[in-house]
Protein chains: 2
Amino acid sequence: MAKSGDRARTTAAPALGALDFTLDRSSPVPLYHQLAQQLEAAIERGVLAPGNLLGNEVDLSVRLGLSRPTVRQAIQSLVDKGLLVRRRGVGTQVVHSQVKRPLELSSLYDDLEAAGQGPTTEVVRNDILPAACDVAAALGVPEGGEVTVLDRLRRTHGRPVALLRNYLPASLLDLDSTRLESTGLYRVMRSAGITLHSARQTVGARAATAGEASRLDEEEGAALLTMQRTAYDDTGRPVEYATHIYRASHYSFDFQLLVRP
Amino acid sequence: MAKSGDRARTTAAPALGALDFTLDRSSPVPLYHQLAQQLEAAIERGVLAPGNLLGNEVDLSVRLGLSRPTVRQAIQSLVDKGLLVRRRGVGTQVVHSQVKRPLELSSLYDDLEAAGQGPTTEVVRNDILPAACDVAAALGVPEGGEVTVLDRLRRTHGRPVALLRNYLPASLLDLDSTRLESTGLYRVMRSAGITLHSARQTVGARAATAGEASRLDEEEGAALLTMQRTAYDDTGRPVEYATHIYRASHYSFDFQLLVRP
DNA sequence: AAGTGGTCTAGACCACGCT
DNA sequence: GCGTGGTCTAGACCACTTT
(Lines give C-alpha, C1' and ligand atoms only; values in the text may rest on other atoms or scores of the structure.)
Protein backbone atom coordinates (compact mmCIF):
# COMPACT_ATOMS: atom_id res chain seq x y z
CA MET A 1 0.00 0.00 0.00
CA ALA A 2 2.99 2.32 0.50
CA LYS A 3 3.41 4.59 -2.47
CA SER A 4 6.70 6.40 -2.56
CA GLY A 5 9.96 4.53 -2.15
CA ASP A 6 11.27 7.38 -0.03
CA ARG A 7 13.29 5.15 2.21
CA ALA A 8 15.28 5.96 5.34
CA ARG A 9 18.13 8.04 4.02
CA THR A 10 21.09 6.44 5.62
CA THR A 11 23.91 8.89 5.65
CA ALA A 12 27.33 7.37 5.27
CA ALA A 13 28.95 7.08 8.65
CA PRO A 14 30.61 10.40 9.51
CA ALA A 15 33.95 10.74 11.19
CA LEU A 16 32.94 9.36 14.54
CA GLY A 17 36.52 8.98 15.57
CA ALA A 18 36.69 12.74 15.97
CA LEU A 19 34.52 12.40 19.05
CA ASP A 20 36.54 11.92 22.17
CA PHE A 21 34.72 10.33 24.99
CA THR A 22 36.16 10.75 28.44
CA LEU A 23 35.46 7.87 30.76
CA ASP A 24 36.39 8.05 34.41
CA ARG A 25 36.56 4.61 35.90
CA SER A 26 37.05 5.98 39.39
CA SER A 27 33.87 8.01 39.22
CA PRO A 28 30.84 6.76 41.09
CA VAL A 29 28.68 7.38 38.04
CA PRO A 30 28.40 4.19 35.99
CA LEU A 31 30.40 3.88 32.80
CA TYR A 32 27.33 3.21 30.68
CA HIS A 33 25.79 6.35 32.04
CA GLN A 34 28.86 8.43 31.38
CA LEU A 35 28.86 7.19 27.81
CA ALA A 36 25.14 7.78 27.40
CA GLN A 37 25.45 11.35 28.68
CA GLN A 38 28.27 12.15 26.29
CA LEU A 39 26.47 10.58 23.36
CA GLU A 40 23.36 12.56 24.22
CA ALA A 41 25.37 15.75 24.49
CA ALA A 42 26.95 15.06 21.09
CA ILE A 43 23.51 14.53 19.57
CA GLU A 44 22.15 17.64 21.23
CA ARG A 45 25.03 19.76 19.95
CA GLY A 46 24.57 18.38 16.47
CA VAL A 47 27.98 16.74 16.45
CA LEU A 48 26.17 13.50 15.82
CA ALA A 49 23.89 14.34 12.92
CA PRO A 50 20.60 12.60 12.18
CA GLY A 51 21.29 9.75 9.81
CA ASN A 52 23.64 6.85 10.12
CA LEU A 53 26.42 6.40 12.61
CA LEU A 54 27.68 4.81 15.79
CA GLY A 55 28.80 2.05 13.49
CA ASN A 56 29.29 -1.30 15.07
CA GLU A 57 28.89 -1.83 18.77
CA VAL A 58 31.88 -4.13 18.83
CA ASP A 59 34.28 -1.55 17.37
CA LEU A 60 32.88 1.07 19.68
CA SER A 61 33.46 -1.06 22.72
CA VAL A 62 37.02 -1.83 21.64
CA ARG A 63 37.80 1.80 20.94
CA LEU A 64 36.38 2.86 24.29
CA GLY A 65 37.95 0.04 26.22
CA LEU A 66 34.56 -1.17 27.39
CA SER A 67 32.76 -4.47 27.03
CA ARG A 68 29.99 -4.73 24.50
CA PRO A 69 27.21 -5.17 27.07
CA THR A 70 28.24 -1.92 28.71
CA VAL A 71 28.18 -0.07 25.42
CA ARG A 72 24.84 -1.66 24.60
CA GLN A 73 23.44 -0.50 27.92
CA ALA A 74 24.43 3.06 27.14
CA ILE A 75 22.93 2.91 23.67
CA GLN A 76 19.79 1.24 24.95
CA SER A 77 19.11 4.04 27.38
CA LEU A 78 19.17 6.53 24.51
CA VAL A 79 16.94 4.27 22.44
CA ASP A 80 14.50 4.30 25.34
CA LYS A 81 14.65 8.09 25.31
CA GLY A 82 13.79 8.09 21.64
CA LEU A 83 17.08 9.62 20.50
CA LEU A 84 18.47 6.57 18.73
CA VAL A 85 17.00 3.82 16.62
CA ARG A 86 18.50 0.38 16.14
CA ARG A 87 18.00 -1.77 13.06
CA ARG A 88 19.25 -5.26 12.65
CA GLY A 89 21.74 -5.69 9.91
CA VAL A 90 21.94 -1.93 9.49
CA GLY A 91 23.18 -0.19 12.58
CA THR A 92 22.26 2.44 15.10
CA GLN A 93 21.08 5.81 13.85
CA VAL A 94 20.37 9.15 15.38
CA VAL A 95 16.67 9.77 14.97
CA HIS A 96 15.90 12.30 12.24
CA SER A 97 15.75 15.66 13.97
CA GLN A 98 12.39 16.83 15.31
CA VAL A 99 11.51 15.21 18.60
CA LYS A 100 14.00 17.49 20.37
CA ARG A 101 13.77 17.10 24.12
CA PRO A 102 11.51 14.21 25.09
CA LEU A 103 9.74 16.53 27.53
CA GLU A 104 10.07 14.03 30.34
CA LEU A 105 6.39 13.19 30.01
CA SER A 106 3.39 15.31 30.71
CA SER A 107 2.47 17.71 33.38
CA LEU A 108 3.63 15.81 36.39
CA TYR A 109 7.10 17.04 35.58
CA ASP A 110 5.81 20.34 34.31
CA ASP A 111 4.29 21.09 37.64
CA LEU A 112 7.27 19.62 39.36
CA GLU A 113 9.78 21.83 37.59
CA ALA A 114 7.80 24.91 36.78
CA ALA A 115 6.60 25.14 40.34
CA GLY A 116 9.74 26.65 41.79
CA GLN A 117 10.47 28.90 38.85
CA GLY A 118 8.64 31.57 36.92
CA PRO A 119 5.20 30.98 38.34
CA THR A 120 4.10 32.12 41.76
CA THR A 121 1.97 30.08 44.09
CA GLU A 122 -0.42 31.31 46.72
CA VAL A 123 -1.52 28.84 49.38
CA VAL A 124 -5.23 29.47 49.85
CA ARG A 125 -5.86 26.67 52.28
CA ASN A 126 -3.80 24.12 54.15
CA ASP A 127 -5.93 22.16 56.60
CA ILE A 128 -6.35 18.72 58.01
CA LEU A 129 -9.88 17.44 57.59
CA PRO A 130 -11.82 14.17 57.54
CA ALA A 131 -11.74 12.53 54.14
CA ALA A 132 -14.78 12.60 51.92
CA CYS A 133 -15.83 9.45 50.14
CA ASP A 134 -14.01 9.96 46.83
CA VAL A 135 -10.85 11.19 48.53
CA ALA A 136 -10.81 8.28 50.93
CA ALA A 137 -11.19 5.84 48.07
CA ALA A 138 -8.40 7.42 46.06
CA LEU A 139 -5.97 7.59 48.97
CA GLY A 140 -6.87 4.24 50.43
CA VAL A 141 -7.68 5.66 53.87
CA PRO A 142 -10.88 5.04 55.82
CA GLU A 143 -13.73 7.44 55.09
CA GLY A 144 -13.52 10.25 57.59
CA GLY A 145 -9.82 9.62 58.19
CA GLU A 146 -7.53 12.61 58.43
CA VAL A 147 -6.24 14.06 55.21
CA THR A 148 -4.41 17.24 54.42
CA VAL A 149 -6.35 19.47 52.03
CA LEU A 150 -4.22 21.91 50.13
CA ASP A 151 -5.61 24.63 47.88
CA ARG A 152 -3.25 26.72 45.83
CA LEU A 153 -3.67 29.43 43.22
CA ARG A 154 -0.96 29.52 40.63
CA ARG A 155 -0.11 32.55 38.52
CA THR A 156 2.30 33.34 35.75
CA HIS A 157 3.05 36.89 34.73
CA GLY A 158 0.71 37.99 37.47
CA ARG A 159 -2.32 36.27 35.89
CA PRO A 160 -4.03 33.30 37.47
CA VAL A 161 -3.67 30.09 35.48
CA ALA A 162 -4.72 27.29 37.75
CA LEU A 163 -6.55 26.26 40.89
CA LEU A 164 -4.73 23.33 42.44
CA ARG A 165 -6.35 21.15 45.06
CA ASN A 166 -4.35 18.34 46.59
CA TYR A 167 -5.23 15.74 49.19
CA LEU A 168 -2.57 13.81 51.10
CA PRO A 169 -2.79 11.34 53.95
CA ALA A 170 -2.28 13.54 57.02
CA SER A 171 0.11 11.00 58.50
CA LEU A 172 2.49 11.35 55.60
CA LEU A 173 4.13 14.69 56.30
CA ASP A 174 3.70 18.23 57.58
CA LEU A 175 3.16 20.76 54.85
CA ASP A 176 4.73 24.13 55.46
CA SER A 177 2.68 26.76 53.62
CA THR A 178 5.55 29.19 53.38
CA ARG A 179 7.75 26.61 51.77
CA LEU A 180 4.98 25.66 49.36
CA GLU A 181 4.87 29.19 48.04
CA SER A 182 8.49 29.10 46.99
CA THR A 183 8.72 25.57 45.66
CA GLY A 184 6.57 22.79 44.26
CA LEU A 185 4.68 20.21 46.22
CA TYR A 186 6.69 17.38 44.76
CA ARG A 187 9.94 18.92 45.87
CA VAL A 188 8.60 19.23 49.39
CA MET A 189 7.47 15.62 49.33
CA ARG A 190 10.75 14.44 47.88
CA SER A 191 12.79 16.19 50.52
CA ALA A 192 10.59 14.45 53.10
CA GLY A 193 11.79 11.14 51.74
CA ILE A 194 8.74 10.36 49.62
CA THR A 195 9.80 9.12 46.22
CA LEU A 196 7.12 9.21 43.61
CA HIS A 197 6.88 6.20 41.41
CA SER A 198 3.82 6.46 39.21
CA ALA A 199 0.64 8.43 38.73
CA ARG A 200 -2.68 7.99 37.03
CA GLN A 201 -4.13 11.03 35.35
CA THR A 202 -7.42 11.95 33.78
CA VAL A 203 -7.61 15.09 31.70
CA GLY A 204 -10.95 16.55 30.73
CA ALA A 205 -12.74 19.83 30.20
CA ARG A 206 -15.84 21.62 31.41
CA ALA A 207 -17.38 25.03 31.75
CA ALA A 208 -16.37 27.32 34.60
CA THR A 209 -18.75 27.91 37.49
CA ALA A 210 -19.28 31.47 38.68
CA GLY A 211 -16.94 30.95 41.62
CA GLU A 212 -14.18 29.43 39.57
CA ALA A 213 -14.53 32.10 36.95
CA SER A 214 -14.06 34.93 39.44
CA ARG A 215 -11.02 33.35 41.01
CA LEU A 216 -9.44 32.64 37.63
CA ASP A 217 -10.36 35.95 36.04
CA GLU A 218 -12.53 34.26 33.42
CA GLU A 219 -16.15 34.56 32.36
CA GLU A 220 -18.68 32.13 33.76
CA GLY A 221 -19.04 29.25 31.32
CA ALA A 222 -15.53 29.64 29.93
CA ALA A 223 -13.80 26.40 28.97
CA LEU A 224 -11.56 24.97 31.67
CA LEU A 225 -9.09 22.11 31.52
CA THR A 226 -9.47 19.68 34.39
CA MET A 227 -7.04 17.13 35.67
CA GLN A 228 -7.41 14.47 38.32
CA ARG A 229 -4.38 12.60 39.48
CA THR A 230 -3.56 9.90 41.95
CA ALA A 231 0.14 9.51 42.62
CA TYR A 232 1.81 6.48 44.18
CA ASP A 233 5.11 6.01 45.93
CA ASP A 234 7.47 3.20 45.10
CA THR A 235 5.60 0.71 47.24
CA GLY A 236 2.43 1.43 45.31
CA ARG A 237 0.66 3.25 48.11
CA PRO A 238 -1.31 6.34 47.13
CA VAL A 239 0.39 9.44 48.48
CA GLU A 240 -1.53 12.18 46.69
CA TYR A 241 -4.89 12.79 45.11
CA ALA A 242 -5.29 15.98 43.14
CA THR A 243 -8.07 17.77 41.31
CA HIS A 244 -6.73 20.68 39.31
CA ILE A 245 -8.40 23.27 37.14
CA TYR A 246 -6.57 25.23 34.46
CA ARG A 247 -7.58 28.21 32.40
CA ALA A 248 -7.79 26.74 28.93
CA SER A 249 -7.04 30.14 27.48
CA HIS A 250 -3.69 30.24 29.24
CA TYR A 251 -2.61 26.65 29.64
CA SER A 252 -2.44 23.33 27.83
CA PHE A 253 -0.79 20.00 28.43
CA ASP A 254 2.12 19.25 26.20
CA PHE A 255 3.87 15.92 26.14
CA GLN A 256 5.56 13.29 24.07
CA LEU A 257 4.72 9.66 23.64
CA LEU A 258 7.05 6.88 22.70
CA VAL A 259 5.57 3.86 21.02
CA ARG A 260 6.90 0.76 22.68
CA PRO A 261 7.56 -2.07 20.26
CA MET B 1 9.87 15.86 57.89
CA ALA B 2 8.23 12.49 57.50
CA LYS B 3 5.86 11.86 60.33
CA SER B 4 4.60 8.36 60.60
CA GLY B 5 6.90 5.39 60.58
CA ASP B 6 4.46 3.60 58.31
CA ARG B 7 7.14 1.86 56.35
CA ALA B 8 6.94 -0.40 53.33
CA ARG B 9 5.31 -3.52 54.69
CA THR B 10 7.58 -6.18 53.38
CA THR B 11 5.72 -9.43 53.41
CA ALA B 12 7.83 -12.43 54.14
CA ALA B 13 8.70 -14.22 50.94
CA PRO B 14 5.85 -16.56 50.01
CA ALA B 15 6.34 -19.98 48.55
CA LEU B 16 7.70 -18.94 45.23
CA GLY B 17 8.85 -22.42 44.49
CA ALA B 18 5.25 -23.33 43.84
CA LEU B 19 5.40 -21.33 40.65
CA ASP B 20 6.50 -23.40 37.75
CA PHE B 21 7.93 -21.46 34.88
CA THR B 22 8.05 -23.18 31.54
CA LEU B 23 10.93 -22.08 29.37
CA ASP B 24 11.22 -23.24 25.79
CA ARG B 25 14.73 -22.83 24.53
CA SER B 26 13.76 -23.78 21.01
CA SER B 27 11.15 -21.05 20.82
CA PRO B 28 11.96 -17.95 18.79
CA VAL B 29 10.70 -15.78 21.63
CA PRO B 30 13.63 -14.77 23.84
CA LEU B 31 14.05 -16.48 27.18
CA TYR B 32 13.96 -13.22 29.12
CA HIS B 33 10.69 -12.39 27.45
CA GLN B 34 9.18 -15.77 28.21
CA LEU B 35 10.11 -15.29 31.85
CA ALA B 36 8.79 -11.74 31.92
CA GLN B 37 5.46 -12.82 30.47
CA GLN B 38 5.04 -15.59 33.00
CA LEU B 39 6.01 -13.34 35.86
CA GLU B 40 3.54 -10.73 34.67
CA ALA B 41 0.81 -13.35 34.34
CA ALA B 42 1.54 -14.55 37.87
CA ILE B 43 1.28 -10.99 39.17
CA GLU B 44 -1.91 -10.36 37.25
CA ARG B 45 -3.51 -13.52 38.57
CA GLY B 46 -2.51 -12.58 42.09
CA VAL B 47 -0.26 -15.61 42.49
CA LEU B 48 2.52 -13.16 43.17
CA ALA B 49 1.05 -10.91 45.83
CA PRO B 50 2.06 -7.32 46.47
CA GLY B 51 4.78 -7.32 49.08
CA ASN B 52 8.09 -9.04 49.15
CA LEU B 53 9.26 -11.82 46.90
CA LEU B 54 11.24 -12.95 43.91
CA GLY B 55 14.01 -13.41 46.39
CA ASN B 56 17.50 -13.28 45.12
CA GLU B 57 18.24 -13.00 41.43
CA VAL B 58 21.06 -15.49 41.74
CA ASP B 59 18.89 -18.23 43.21
CA LEU B 60 16.22 -17.54 40.64
CA SER B 61 18.66 -17.88 37.79
CA VAL B 62 20.01 -21.13 39.18
CA ARG B 63 16.56 -22.55 39.69
CA LEU B 64 15.51 -21.59 36.19
CA GLY B 65 18.72 -22.70 34.58
CA LEU B 66 19.35 -19.23 33.23
CA SER B 67 22.20 -16.82 33.64
CA ARG B 68 21.73 -13.91 35.96
CA PRO B 69 21.84 -11.23 33.24
CA THR B 70 18.98 -12.97 31.48
CA VAL B 71 16.90 -13.07 34.63
CA ARG B 72 17.76 -9.44 35.28
CA GLN B 73 16.62 -8.48 31.81
CA ALA B 74 13.25 -10.11 32.43
CA ILE B 75 12.86 -8.41 35.79
CA GLN B 76 14.00 -5.08 34.41
CA SER B 77 11.31 -5.12 31.75
CA LEU B 78 8.67 -5.48 34.46
CA VAL B 79 10.28 -2.75 36.50
CA ASP B 80 10.01 -0.52 33.43
CA LYS B 81 6.35 -1.40 33.23
CA GLY B 82 5.89 -0.35 36.82
CA LEU B 83 4.93 -3.79 38.09
CA LEU B 84 8.04 -4.47 40.15
CA VAL B 85 10.29 -2.37 42.32
CA ARG B 86 13.87 -3.16 43.15
CA ARG B 87 15.63 -2.09 46.33
CA ARG B 88 19.26 -2.57 47.05
CA GLY B 89 19.96 -4.73 49.99
CA VAL B 90 16.27 -5.64 50.17
CA GLY B 91 15.06 -7.39 47.08
CA THR B 92 12.53 -7.16 44.31
CA GLN B 93 8.90 -6.59 45.26
CA VAL B 94 5.62 -6.62 43.45
CA VAL B 95 4.29 -3.09 43.56
CA HIS B 96 1.45 -2.64 46.06
CA SER B 97 -1.72 -3.22 44.10
CA GLN B 98 -3.42 -0.20 42.52
CA VAL B 99 -1.71 0.76 39.29
CA LYS B 100 -3.49 -2.11 37.52
CA ARG B 101 -2.76 -2.13 33.80
CA PRO B 102 -0.26 0.58 32.87
CA LEU B 103 -2.73 1.73 30.20
CA GLU B 104 -0.01 1.75 27.54
CA LEU B 105 0.11 5.52 27.74
CA SER B 106 -2.47 8.06 26.68
CA SER B 107 -4.78 8.34 23.77
CA LEU B 108 -2.45 7.39 20.98
CA TYR B 109 -3.06 3.82 21.93
CA ASP B 110 -6.62 4.50 22.93
CA ASP B 111 -7.44 5.69 19.47
CA LEU B 112 -5.32 2.96 18.04
CA GLU B 113 -7.14 0.18 19.84
CA ALA B 114 -10.58 1.59 20.33
CA ALA B 115 -10.80 2.56 16.70
CA GLY B 116 -11.57 -0.88 15.36
CA GLN B 117 -13.84 -1.88 18.19
CA GLY B 118 -16.91 -0.48 19.83
CA PRO B 119 -16.87 2.94 18.22
CA THR B 120 -17.98 3.61 14.67
CA THR B 121 -16.21 5.97 12.35
CA GLU B 122 -17.68 7.97 9.49
CA VAL B 123 -15.26 9.37 6.93
CA VAL B 124 -16.51 12.85 6.19
CA ARG B 125 -13.71 13.88 3.88
CA ASN B 126 -10.70 12.22 2.30
CA ASP B 127 -8.99 14.57 -0.14
CA ILE B 128 -5.59 15.54 -1.38
CA LEU B 129 -5.02 19.27 -1.10
CA PRO B 130 -2.14 21.76 -1.00
CA ALA B 131 -0.77 22.16 2.51
CA ALA B 132 -1.55 25.27 4.50
CA CYS B 133 1.23 26.97 6.40
CA ASP B 134 0.83 25.26 9.77
CA VAL B 135 0.31 21.83 8.23
CA ALA B 136 3.34 22.20 6.00
CA ALA B 137 5.45 23.19 8.98
CA ALA B 138 4.26 20.26 11.07
CA LEU B 139 4.76 17.68 8.33
CA GLY B 140 8.00 19.10 7.00
CA VAL B 141 6.68 19.45 3.46
CA PRO B 142 6.86 22.63 1.33
CA GLU B 143 3.95 25.01 1.73
CA GLY B 144 1.39 24.17 -0.93
CA GLY B 145 2.73 20.61 -1.24
CA GLU B 146 0.22 17.81 -1.50
CA VAL B 147 -1.21 16.44 1.71
CA THR B 148 -4.05 14.08 2.42
CA VAL B 149 -6.77 15.70 4.52
CA LEU B 150 -8.91 13.26 6.42
CA ASP B 151 -11.98 14.23 8.41
CA ARG B 152 -13.75 11.64 10.50
CA LEU B 153 -16.65 11.67 12.90
CA ARG B 154 -16.42 9.12 15.64
CA ARG B 155 -19.39 7.84 17.62
CA THR B 156 -19.91 5.47 20.50
CA HIS B 157 -23.34 4.11 21.35
CA GLY B 158 -24.66 6.09 18.41
CA ARG B 159 -23.63 9.44 19.89
CA PRO B 160 -20.92 11.60 18.38
CA VAL B 161 -17.85 11.95 20.58
CA ALA B 162 -15.12 13.40 18.41
CA LEU B 163 -14.24 15.21 15.22
CA LEU B 164 -10.93 13.91 13.96
CA ARG B 165 -8.92 15.76 11.37
CA ASN B 166 -5.68 14.24 10.14
CA TYR B 167 -3.10 15.45 7.66
CA LEU B 168 -0.59 13.10 6.04
CA PRO B 169 1.99 13.61 3.33
CA ALA B 170 0.17 12.53 0.18
CA SER B 171 3.20 10.59 -1.00
CA LEU B 172 3.07 8.36 2.03
CA LEU B 173 0.15 6.10 1.25
CA ASP B 174 -3.30 5.80 -0.26
CA LEU B 175 -6.09 5.99 2.27
CA ASP B 176 -9.06 3.80 1.56
CA SER B 177 -12.14 5.40 3.09
CA THR B 178 -14.02 2.13 3.36
CA ARG B 179 -11.21 0.54 5.27
CA LEU B 180 -10.94 3.56 7.54
CA GLU B 181 -14.53 3.07 8.62
CA SER B 182 -13.86 -0.40 9.92
CA THR B 183 -10.45 0.11 11.48
CA GLY B 184 -8.22 2.81 12.91
CA LEU B 185 -5.89 5.08 10.98
CA TYR B 186 -2.85 3.68 12.73
CA ARG B 187 -3.70 0.16 11.74
CA VAL B 188 -3.99 1.21 8.14
CA MET B 189 -0.66 2.99 8.34
CA ARG B 190 0.98 0.08 10.05
CA SER B 191 -0.17 -2.40 7.44
CA ALA B 192 1.31 -0.05 4.86
CA GLY B 193 4.69 -0.55 6.46
CA ILE B 194 4.75 2.69 8.44
CA THR B 195 5.92 2.05 11.97
CA LEU B 196 5.15 4.81 14.40
CA HIS B 197 7.90 5.71 16.77
CA SER B 198 6.92 8.79 18.73
CA ALA B 199 4.40 11.58 18.88
CA ARG B 200 4.13 15.01 20.37
CA GLN B 201 0.76 15.97 21.78
CA THR B 202 -0.87 19.11 23.06
CA VAL B 203 -4.13 18.81 24.95
CA GLY B 204 -6.24 21.89 25.62
CA ALA B 205 -9.83 23.04 25.85
CA ARG B 206 -12.05 25.69 24.32
CA ALA B 207 -15.68 26.53 23.70
CA ALA B 208 -17.53 24.94 20.79
CA THR B 209 -18.35 27.03 17.74
CA ALA B 210 -21.85 26.81 16.31
CA GLY B 211 -20.73 24.46 13.55
CA GLU B 212 -18.85 22.15 15.88
CA ALA B 213 -21.74 22.14 18.31
CA SER B 214 -24.23 21.02 15.69
CA ARG B 215 -21.99 18.24 14.42
CA LEU B 216 -21.26 17.01 17.93
CA ASP B 217 -24.79 17.38 19.25
CA GLU B 218 -23.71 19.96 21.83
CA GLU B 219 -24.73 23.51 22.63
CA GLU B 220 -22.72 26.37 21.20
CA GLY B 221 -20.13 27.39 23.78
CA ALA B 222 -19.96 23.96 25.37
CA ALA B 223 -16.54 22.93 26.63
CA LEU B 224 -14.54 20.84 24.17
CA LEU B 225 -11.29 18.96 24.64
CA THR B 226 -8.79 19.65 21.89
CA MET B 227 -5.76 17.66 20.90
CA GLN B 228 -3.03 18.38 18.40
CA ARG B 229 -0.57 15.69 17.56
CA THR B 230 2.42 15.25 15.31
CA ALA B 231 3.52 11.66 14.92
CA TYR B 232 6.90 10.50 13.65
CA ASP B 233 8.09 7.24 12.17
CA ASP B 234 11.21 5.48 13.34
CA THR B 235 13.49 7.66 11.25
CA GLY B 236 12.07 10.76 12.90
CA ARG B 237 10.16 12.02 9.87
CA PRO B 238 6.69 13.43 10.52
CA VAL B 239 4.05 11.12 9.10
CA GLU B 240 0.89 12.59 10.59
CA TYR B 241 -0.43 15.86 11.91
CA ALA B 242 -3.77 15.78 13.66
CA THR B 243 -6.17 18.27 15.21
CA HIS B 244 -8.90 16.51 17.11
CA ILE B 245 -11.90 17.78 19.02
CA TYR B 246 -13.67 15.75 21.71
CA ARG B 247 -16.94 16.30 23.53
CA ALA B 248 -15.78 16.96 27.05
CA SER B 249 -19.09 15.68 28.36
CA HIS B 250 -18.42 12.27 26.80
CA TYR B 251 -14.67 11.87 26.68
CA SER B 252 -11.53 12.42 28.67
CA PHE B 253 -7.92 11.40 28.39
CA ASP B 254 -6.81 8.82 30.85
CA PHE B 255 -3.24 7.71 31.22
CA GLN B 256 -0.49 6.67 33.56
CA LEU B 257 2.90 8.18 34.13
CA LEU B 258 5.97 6.46 35.39
CA VAL B 259 8.57 8.58 37.12
CA ARG B 260 11.98 7.76 35.76
CA PRO B 261 14.71 7.80 38.37
C1' DA C 1 28.96 -13.70 2.20
C1' DA C 2 29.60 -10.05 5.25
C1' DG C 3 28.10 -7.10 8.72
C1' DT C 4 24.89 -5.63 12.01
C1' DG C 5 22.20 -5.84 16.29
C1' DG C 6 19.72 -9.51 19.50
C1' DT C 7 20.38 -12.88 22.82
C1' DC C 8 22.85 -15.58 26.22
C1' DT C 9 26.48 -17.31 29.37
C1' DA C 10 29.45 -17.68 33.70
C1' DG C 11 31.76 -15.63 36.12
C1' DA C 12 33.50 -11.00 39.06
C1' DC C 13 33.52 -6.99 42.19
C1' DC C 14 31.12 -3.06 44.26
C1' DA C 15 27.47 -0.16 46.82
C1' DC C 16 23.91 -0.16 49.58
C1' DG C 17 20.33 -1.49 53.30
C1' DC C 18 19.77 -4.14 56.89
C1' DT C 19 20.62 -6.22 61.72
C1' DG D 1 28.84 -8.72 58.41
C1' DC D 2 25.65 -10.38 55.38
C1' DG D 3 22.53 -10.35 51.59
C1' DT D 4 20.67 -7.72 48.10
C1' DG D 5 20.69 -5.47 43.63
C1' DG D 6 24.06 -2.55 40.46
C1' DT D 7 27.73 -2.76 37.41
C1' DC D 8 31.10 -4.88 34.39
C1' DT D 9 33.71 -8.31 31.64
C1' DA D 10 35.01 -11.44 27.56
C1' DG D 11 33.61 -14.22 25.20
C1' DA D 12 29.69 -17.05 22.14
C1' DC D 13 26.02 -18.03 18.76
C1' DC D 14 21.90 -16.54 16.24
C1' DA D 15 18.72 -13.62 13.15
C1' DC D 16 18.34 -10.27 10.19
C1' DT D 17 19.60 -6.90 6.34
C1' DT D 18 22.34 -5.74 2.90
C1' DT D 19 25.77 -6.52 -1.01
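So that the names make sense, note that chain A is the first sequence line, chain B the second, and so on, each numbered from 1. Note that the structure is predicted; figures quoted are calculated from it, not measured.
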Participant: Hey, does the side chain of Thr70(B) come within less than 4.0 Å of dT9(C)'s phosphate (OP1/OP2), counting only N and O?
Facilitator: yes

Participant: Which part of the nucleic acid does Pro30(B) contact within heavy-atom distance under 4.0 Å: base, sugar-phosphate only, or nothing?
Facilitator: sugar-phosphate

Participant: Would you say Arg190(A) and Leu196(A) make side-chain contact, with heavy atoms under 4.5 Å?
Facilitator: no

Participant: So, is Arg72(B) close to the dG6(D) phosphate, meaning a side-chain N or O under 4.0 Å from OP1 or OP2?
Facilitator: yes

Participant: Aromatic ring centroids of Phe253(A) and Phe255(B) under 6.0 Å?
Facilitator: no

Participant: Could you walk me through whether Arg86(A) and Gln76(A) pass side chain to side chain contact (heavy atoms under 4.5 Å, CB included), step by step?
Facilitator: CA-CA 9 Å; Arg86(A) 296 209 238 223; Gln76(A) 187 59 45; 2.6 Å; yes

Participant: Considering heavy-atom distances to DNA chain D, does Arg68(A) or Gln73(A) have its closest nucleotide positioned more toward the 5' end?
Facilitator: Gln73(A)

Participant: In whole angstroms, how far is the C1' atom of dT7(D) from the CD atom of Gln34(A)?
Facilitator: 12 Å

Participant: Measure CD1/Ile75(B) against P/dT4(D) and give the value in whole Å, please.
Facilitator: 12 Å

Participant: From the options dA15(D), dA15(C), dC8(D), select the nucleotide whose nearest atom is closest to the side chain of Arg88(B).
Facilitator: dA15(C)

Participant: So, Gln34(B) side chain and Val29(B) main chain: donor-acceptor pair closer than 3.5 Å or not?
Facilitator: yes

Participant: Please state whether the phosphate of dT7(D), meaning OP1 or OP2, lies under 4.0 angstrom from any side-chain nitrogen or oxygen of Tyr32(A).
Facilitator: yes

Participant: Which is it for Leu175(A) and Leu185(A) under the side chain to side chain contact (heavy atoms under 4.5 Å, CB included) test, yes or no, and what are the steps along the way?
Facilitator: CA-CA 9 Å; Leu175(A) 286 174; Leu185(A) 172 59; 3.9 Å; yes

Participant: Provide, to the nearest angstrom, the distance between the CG atom belonging to Leu60(B) and the P atom belonging to dT9(C).
Facilitator: 13 Å

Participant: To the nearest angstrom, how far is Arg25(A) atom CZ from dC8(D) atom P?
Facilitator: 8 Å

Participant: So which nucleotide from dG5(C), dT9(D), dG6(D) ends up closest to the side chain of Glu57(B)?
Facilitator: dG6(D)

Participant: Please report the distance, rounded to the nearest Å, between CG in Leu23(A) and C1' in dT9(D).
Facilitator: 15 Å

Participant: Atom CG of Leu84(A) and atom P of dG5(C): how far apart are they, to the nearest Å?
Facilitator: 11 Å

Participant: Considering heavy-atom distances to DNA chain D, does Gly89(A) or Asp59(B) have its closest nucleotide positioned more toward the 5' end?
Facilitator: Asp59(B)

Participant: Below 4.0 angstrom from OP1 or OP2 of dG5(C), is there any side-chain N or O of Thr92(A)?
Facilitator: yes

Participant: Could you check how far CG of Leu35(B) sits from C1' of dC8(C), rounded to whole Å?
Facilitator: 14 Å

Participant: Please classify the nucleic acid contact of Pro69(B) as base, sugar-phosphate, or nothing, using heavy-atom distances under 4.0 Å.
Facilitator: base

Participant: Output the rounded distance in Å from NE2 (His33(B)) to P (dT7(C)).
Facilitator: 10 Å

Participant: Are OP1 or OP2 of dG6(C) and a side-chain N or O of Arg86(A) less than 4.0 angstrom apart?
Facilitator: yes

Participant: Let's see if you can work this out: which of dC8(C), dC8(D), dT4(C) has an atom nearest to the side-chain heavy atoms of Leu31(A)?
Facilitator: dC8(D)

